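Notes to accompany the following structure.
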Amino acid sequence: MNRLVVVSNRVPLPSAGARAGGLAVALDGLMEKRGGLWFGWSGRIAANVAGGQPALSGIEQAAGIDYATIDLTQDEHDRYYNNFSNGVLWPLLHTMPELMKFDRRDAKVYREVNYRLAVSLQPLLRPSDVIWVHDYHLMPLAAALRERGVKNPIGFFLHIPFAAPDVLAAAPEVAALVRDLLAADLLGFQTDNDVANFAAAAQSLAGATRLSGQALQFGGRRVKLGVFPVEIEAQKFAMMAGRNAFGTTGERLRRSLDGQKLILGVDRLDPTKGLLQRLDGLECLFEKHPDWIRRATVLQIAAESRKDVGSYQQLRAALDAKAGSMNADLGEPDWQPLRMVSRNVDRAEVAGYMRLAAVGLVTPLRDGMNLVAKEFVAAQEPDDPGVLVLSRFAGAARQLDAALLVNPHDPDAMADAIDTALRMDLADRRARWRSLWDAIADRTPALWGRSFLASLMRASQPVVNKPAKPAEAAPTSPPRLTLVEPTAAVGGRRG
Ligand code: ADQ
């Protein structure tokens, strides 16, 4: 079996402690079976890069997997990670270009870091390796590897949405990034909408040609596109929720509610998650439906993230102000509508809170998938489940269409949906929950990974009876023709 090389911005180093969530565990599983190398940034800032030369900062081994990393300088971290990845690409790809702060110097350093990663990775590669690159931090990486003569199969998966071409055009660098992505053999996205947006951008911004069977032709090569919705370990999450609802923290929350219904939100504090709009909707709920005063309480866990990015600092301040005024305006001496927690809460604890909630609020303005929505479904007690209120702009809405779907920009609609959820009778709650559970129960991150890799192997298979055309755009990229049959993963899922 070919060795799997995973490249991601942050490498979950075993020496750094506990493994992160589902994806790291799933990819570990795949790499343990076939041998693996995980490559990327160590998470450390180096004083400077020795003599300007790319150098590995560390190699570790655990459970048959090698971990190789580079350090970033402070300037690289600021420009590549904070300013360009999180300050330009994140808002742009989420169709929020007004939040983007473009600076050519950041775009240059973003590209340079990707090239430095390619230079460091290349000597570690074996001819039979399969390379899987993750997310928006690494859009130029496949092209940088091809320029260095790397001929291995390369797949790229985008965890966040892909915006429409006219939105993308707001950032000068983006056409080049679309061309760079086309150096991969397979490009994976969360939803068919993202595939359609990428295909349109590749045609209008990069001059690619659309082929049948979800494929593009560019530079004499075929590039396969596919939909691979990220999944969770639903069965394991359900068990964790069951255990923790009755643990110390779960019991403490339940006692503090004193019989009130719990409305729960769990997010990273991020402009895409629609937190200010959610508070508008909640304010509207208590104004339009005042019988919920003293009968329902909102717990919003909004863990702070990306504190170095200006728009995140502004959002934190705006959210604190809004939460304060909501409690002051609507609160009573013996009741407050909202409890807000901005620290990172342990996953197991969160799972228990989800089980206790009557309503789960997942209302991003836009989201690649949103695993919280799937986790909320998994956490419910089947005989007495809570109700999911879900933004129609989350990728998860494609699979979880039995939730109460809302437009997060419409506070009245959100308030009415929450009211409906709070009043929903048991038979309706059970029926909706069963349908939601069926959409996630048999899928796992490991199956997601296997499906992507199977598609990548098919996409990179040479077709022997057809001569490959010479590459036009990237002279050093390997000429190859690929089988582009639609796969089970493409359009085969609900979504
Ligand atoms: P994220 O934007 O980070 O991920 P999401 O999918 O909602 O968002 O959450 C990822 C994980 O973080 C989940 O396991 C969730 O429980 C946990 N989490 C979120 N907020 C938390 C909090 N306040 N406290 C504790 N845990 C919390 C990106 C994309 C998503 C896509 C994922 C995976 O933005 O659209 O679903 O990658 O591809």
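Because the structure is predicted, anything quoted here is derived from the model rather than measured. All ligand and atom numbering here is 1-based and tracks the order in the structure.
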Is [X] touching ligand 1 with its side chain, its backbone, both, or neither, if touching means heavy atoms under 4.0 Å apart?
| X | result |
| --- | --- |
| D267 | backbone |
| W90 | side chain |
| L371 | both |
| E304 | neither |

Proximal ligand 1 atoms for [X], defined as those under 4.0 Å from one of its heavy atoms:
| X | answer |
| --- | --- |
| A303 | 22 (C), 23 (N) |
| N344 | 24 (N), 25 (C) |
| R347 | 14 (O) |
| I301 | 23 (N) |
| R268 | 1 (P), 2 (O), 3 (O), 20 (N) |
| Q190 | 31 (C), 38 (O) |
| V345 | 24 (N), 25 (C) |

From atom 8 (O) of ligand 1, work out which of E231, K273, H134, M369 has a heavy atom at the shortest distance.
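Looking at heavy atoms only, the winner is K273.
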Please check whether [X] reaches ligand 1 - meaning an N/O of the residue sits under 3.5 Å from an N/O of the ligand, judged on distance alone.
| X | value |
| --- | --- |
| V266 | no |
| H94 | no |
| G368 | yes |

Does one side chain, of W38 or D66, offer a donor that lies under 3.5 Å from an acceptor on the other?
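W38 vs D66: no donor-acceptor pair found between side chains.
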Near-ring test W335/F286, centroid separation under 6.0 angstrom:
yes
Looking at W90 versus F84, is the centre-to-centre ring distance below 6.0 Å?
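No.
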Going by the angle between their ring planes, with limits at 30° and 60°, are W448 and H134 parallel, tilted or perpendicular?
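Because their plane-to-plane angle lies in the 30° to 60° range, the rings of W448 and H134 count as tilted.
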Test side chain to side chain donor-acceptor pair (under 3.5 Å) applied to Y136 and N86, step by step
CA-CA 9 Å; Y136 58 100; N86 290 333; 2.9 Å; yes
One pair to check against salt bridge (charged side-chain N to carboxylate O under 4.0 Å, His left out): R306 and D270. What are the steps and the verdict?
CA-CA 8 Å; R306 303 178 191 170; D270 190 289; 3.5 Å; yes
NZ/NE/NH1/NH2 to OD/OE distance under 4.0 Å, [X] and [Y]:
| X | Y | answer |
| --- | --- | --- |
| R343 | E304 | no |
| K322 | D280 | yes |
| D106 | K101 | no |

Walk me through it: do W41 and H77 pass the test ring pair (Phe, Tyr, Trp, His ring centres under 6.0 Å)?
CA-CA 10 Å; W41 175 39; H77 182 255; 5.2 Å; yes
